[in-house]
Amino acid sequence: MSSVDQLTPSQRAAVECIDGPLLVLAGPGSGKTRVVTHRIARLVEHGVPPHQILAITFTNKAAGEMADRVGRLLPGARVQVSTFHRFCARLLRRYASVVGLQPNYTILDSADQKQVLRRVINELDLDPVHYSPEKVGYRISTAKNDLQTSEDIQRQYEESIADHWQAVIARVYPAYQRWLLESNSVDFDDLLLHVATMLVENAELRQELDSRYRYILVDEYQDTNAAQYQIIAALSQEYPNLCVTGDPDQSIYGWRGARIENILRFERDYPDAQVVRLEQNFRSTQAILRSADRLIGHNTQRKAKRLLTDNDEGDAVELLEFADGHDEADGLARRIRDLVEAGKASYGDVAVFYRVNALSRQLELALLRYRVPFQVAAGVAFYDRAEIKDALSYLRLIYNPNDRSAFLRVVNTPLRGLGETSQRRLVAWAADNGCNFLEAAARAKEIPRLTKRAVAGFERFARLMGEFSLADAGSVEKLLLTVLDRTGFTRPWEGSLNEQDQQRLANVQELVTAARQFDAVHGDEPDLEAFLEQTSLVNETDSLDPAAGQVTLMTLHAAKGLEFPFVFILGVEEGLLPHERAVRDAGKRELEEERRLLFVGMTRAERRLWLTQAVTREFRGRTLHTIPSTFLSELEYSRVDASQRGDLFPDWQAVPEPQTDRKALPRDSEGKLDFGNGAKITTAASLLKGSSEAVELPRGFALGMRVRHPRYGVGTVTEVGGFGMRRTVTVNFSEAGRTEKFVAAKAPLQPLGT
DNA sequence: CAGGCCGTGCTTTTT
DNA sequence: GCACGGCCTG
């Protein structure tokens, strides 16, 4: 049962439109997800079989949320809710042979991709400094997102006058693609490109799938790229029951190939499309919305849409002016703390957004100083860590023996004395003899110029790999454990006192746990394929915990789709927002995207919104005078001089005088060091672990005190000097074998007691 | 083959 | 200003 009566008239109109193309233009905070989920429920009520419905999102998080809500409205219904990539991965699994792959293909992650490109660039005798794997990869990715295959690029190059980059891409792209094909593997972009090509070149298949997915819903349609557009179009020809939702004003991924035109031209693509505008905002105050609306009104690439709300007027959007970046960070940290101490907010209600990650650093330090708990939405994702990738590469190689990237990752991990030279000889021989690397390793005796040791090493490795099989192990977890055990994977770190090694062990343990949980969900059918797909398409960055009671720091891009009562947007300055590159390079188009970026940030705020600006800012090591952002002249705000200059240490109390006398340190009843009841902070280390476990900040540092540094590990305070704000501590990190001097008030040092 | 030093080159990053 | 990759040495 869908409770349609709780919807607004326009929401209801969207929900009740069953057949034919439908465009839902949904402003920020207008209840879009509600509409989509209710609409799915409505379709089923109308007798549409759930398996004919396909809902597509961009992120796993969005897919998860949607599936959850659909599940609540329609318990037990089998509606397919999937991300673009996962949907394509599944299709490709079934129709792999159509594009020359085998069904057990594996998916390369971005690190593998870079490795392969580096190899290809070297093989082609190109300068890897000038033509870095990153830049080449970016261009290949752009081409793929624009539906250009390596053949297209080659042909284009031959037929036109090209620059040196085109010449390079025309050589690298086909070679890279060949490597992937020979590895029976694909990269992220291939998942889309292969499916898009397959649907275009294979009329029968297209028809079959079109009629299979009769009702399609696409979320965030403004972010679709050419490949995604083509896939959706191909599946909506005979049955154009296509409902797309989105907001052209929130299109911020143009640089990743997203084409805002896709949503702008929807009515031309489907002339009988119905259009519903969701303009009522349930999130923000009138003041915030009015300001954001005025800003976005300066864009030309959009569909007219008002932002309306019945909410209160609320406080004016404020522009806080600071003297410099340090002043700004300090001022923000103080404001946030005061807000919470005054009982107006809890830390979890506050978010800070910025254009570039580099801007978070000073703020993090300030928040530490003020003992404000925070989480940063960045950091290394779990599945991006080397030890995790290595362990998974074993599984990949077991599943797909042709996976060259996986082979090269693990052949010498742990070390088997099979260095670069031996590997190069094996690779060359495999190419000459048309066999995969694993077969070559088994036949290492035949490879010329290999040392005796290398031959033995390769043979042992091949034999080892031959022993592993999912069927024998019985479950993914057991297979993983067998691999770890038989390869001595964790042995180099066992018993080590090094923090990093311990972290690695813990990470591998976590992977085993993940495998166990996976097995539990999949019952008696051990499914390595699904596990690998899961680990390569799921990113653990969705791990931001809204309930953690911490201030959230993130880029403006990462903020899309979220909401917070109190929002700060840092550095609203020319060059930063809009970013200099957007201004310099292409001009208007990119400038509009920057404007949308600010718009997205502003419309995340529910109750109060602050923008900040510093008079001078350090940039790449030099201090520059800033120019206020053009966007400021386009929105509504009131200016506040928030500079703390002239009052150099305004919050002296917040930085306790470090104590040198160990005996004078405050202690609790048990005689343990008492660090006071200061706010909890999260160390970089515990953030990395993904736990929200907080530690307490010290009141002072004493000689002989043991402290932990997120990078250097555990150390001992050997010297304390300076006074007040300039108090320094010198710490000897015996493990890391180094001695470092810190400014006490700023150092991310966690005391461990004496 | 690891560790240290030097030079370079810099947004954003749903998958 | 800093981080990463490349190159060189023990």
Side-chain angles (χ1 to χ4, degrees), chain A residues 56-64 82-89 107-110 113-115 118 122 127-130 132-135 137-138 141-142 144-145 186-193 219-220 222-225 227-228 250-258 325 353-359 361-362 377-378 381 383-384 412 415-422 492 533-542 554-562 571 575-585 590 593-594 596-598 600-601 617-623 711 736-738:
Chain A
I56 295 194
T57 65
F58 277 82
T59 67
N60 290 301
K61 202 172 159 192
S82 182
T83 64
F84 265 109
H85 288 83
R86 190 178 286 258
F87 172 69
C88 290
I107 304 168
L108 251 65
D109 62 47
S110 45
Q113 198 180 350
K114 225 173 85 179
Q115 260 343 97
R118 169 158 293 140
N122 279 329
D127 174 16
V129 176
H130 194 176
S132 68
E134 290 88 355
K135 282 186 185 162
Y138 180 79
S141 173
T142 306
K144 287 183 175 178
N145 287 330
V186 301
D187 64 22
F188 285 133
D189 301 313
D190 280 339
L191 289 171
L192 305 175
L193 180 61
D219 197 18
E220 307 278 18
Q222 78 280 354
D223 287 334
T224 49
N225 60 33
Q228 288 156 336
Q250 293 185 62
S251 160
I252 54 176
Y253 284 102
W255 53 275
R256 268 194 114 282
F353 307 146
Y354 32 81
R355 177 66 235 261
V356 295
N357 280 310
L359 245 58
R361 195 184 219 102
Q362 274 192 316
Y383 290 109
D384 271 352
N412 200 27
L415 298 175
R416 299 186 175 91
L418 301 170
E420 210 194 300
T421 318
S422 304
E533 191 178 294
Q534 172 100 352
T535 51
S536 46
L537 294 182
V538 169
N539 227 319
E540 212 73 337
T541 20
D542 304 331
M554 63 176 87
T555 63
L556 284 161
H557 284 91
K560 199 173 80 170
L562 304 177
L576 216 45
L577 188 63
H579 195 272
E580 56 161 344
R581 264 165 94 141
V583 182
R584 181 155 40 95
D585 287 1
E590 254 127 298
E593 182 152 316
E594 295 287 308
R596 292 193 290 268
L597 199 50
L598 179 55
V600 166
R617 192 177 290 280
E618 280 198 30
F619 191 61
R620 288 183 201 160
R622 64 187 45 223
T623 304
R711 189 141 82 222
R738 61 198 300 164

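Checking dC10(B), dT15(B), dG5(C) against every side-chain atom of R256(A), the shortest atom distance belongs to dT15(B). With distances taken from any side-chain atom of A558(A) to the nucleotides dT15(B), dG1(C), dT13(B), the minimum falls on dT13(B).
In this structure, Q250(A) atom CD and dT12(B) atom C1' are separated by 16 Å, rounded to whole Å. Here the P atom of nucleotide dT13(B) and the CD atom of Q113(A) are 17 Å apart, to the nearest Å. If you take CG of L191(A) and C1' of dT14(B), they are 14 Å apart, rounded to a whole angstrom. A straight line from CG of N145(A) to C1' of dT14(B) spans 12 Å, rounded to a whole angstrom. Atom-to-atom, CG of N357(A) to P of dT11(B) comes out at 10 Å; the value is rounded to the nearest Å. Residue E590(A) contributes atom CD, which lies 12 Å from atom C1' of dT12(B) at whole-angstrom precision. The CG atom of L576(A) sits 10 Å away from the C1' atom of dT11(B) (whole-angstrom rounding). Atom CZ in R596(A) sits about 13 Å away from atom C1' in dT12(B), given to the nearest Å.
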Walk me through it: do W255(A) and H557(A) pass the test ring pair (Phe, Tyr, Trp, His ring centres under 6.0 Å)? CA-CA 12 Å; W255(A) 53 275; H557(A) 284 91; 5.6 Å; yes
Intermediate values then yes/no, side chain to side chain contact (heavy atoms under 4.5 Å, CB included), D223(A) and K560(A): CA-CA 12 Å; D223(A) 287 334; K560(A) 199 173 80 170; 2.2 Å; yes
Decide yes or no on side-chain hydrogen bond (donor to acceptor under 3.5 Å, both in side chains) for Q222(A) and E220(A), but give the supporting numbers first. CA-CA 5 Å; Q222(A) 78 280 354; E220(A) 307 278 18; 2.8 Å; yes
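Looking only at side-chain heavy atoms (C-beta outward), E590(A) and H579(A) stay at 4.5 Å or farther from each other. Between R617(A) and L359(A), some side-chain heavy-atom pair lies under the 4.5 Å cut-off. A 4.5 Å side-chain heavy-atom check between L598(A) and L556(A) finds every atom pair outside the cut-off.
Residue contacts for L415(A): at a heavy-atom cut-off of 4.0 Å it reaches the sugar-phosphate backbone alone, with no base atom in range. The residue E594(A) sits close to a base: some heavy atom pair falls under 4.0 Å. Contacts of N412(A) with the nucleic acid, taken as non-hydrogen atoms under 4.0 Å apart, involve only primed sugar atoms and P, OP1 or OP2. Residue contacts shown for D189(A) are absent, as no nucleic acid heavy atom lies under 4.0 Å away. Note on F84(A): nothing from the nucleic acid sits closer than 4.0 angstrom, heavy atoms only.
The 5' end of DNA chain B is approached more closely, in terms of each residue's nearest nucleotide, by R355(A) than by the other of R86(A) and R355(A). Heavy-atom distances to DNA chain B give each of H557(A) and G417(A) a nearest nucleotide, and the one nearer the 5′ end belongs to G417(A).
Using a 5.5 Å limit on the distance between ring centres and a 30° limit on the angle between planes, the aromatic ring of H85(A) does not count as stacked on the six-membered base ring of dT15(B). The aromatic ring of W255(A) is stacked on the base of dT12(B), with the two ring centres less than 5.5 Å apart and the planes inclined by under 30°.
The shortest distance between the side-chain N/O atoms of R361(A) and the OP1/OP2 oxygens of dA3(C) is below 4.0 Å. In this structure, K135(A) does not reach the dG9(B) phosphate: none of its side-chain N or O atoms is under 4.0 Å from OP1 or OP2. A close approach under 4.0 Å does not occur between any side-chain nitrogen or oxygen of N60(A) and OP1 or OP2 of dT14(B). For K560(A), no side-chain nitrogen or oxygen approaches OP1 or OP2 of dT13(B) to under 4.0 Å. Residue T555(A) has a polar side-chain atom (N or O) positioned under 4.0 Å from OP1 or OP2 of dT13(B).
Spacing between dT12(B) and dG5(C) at atom C1', rounded to whole Å, works out to 23 Å. For the C1' atoms, the distance from dT14(B) to dA3(C) is 26 Å, rounded to whole Å. Across dT11(B) and dG6(C), the matching C1' atoms stand 25 Å from one another, rounded to whole Å.
Minimum heavy-atom separation, A89(A) to L537(A): CB-CD1, 4.1 Å.
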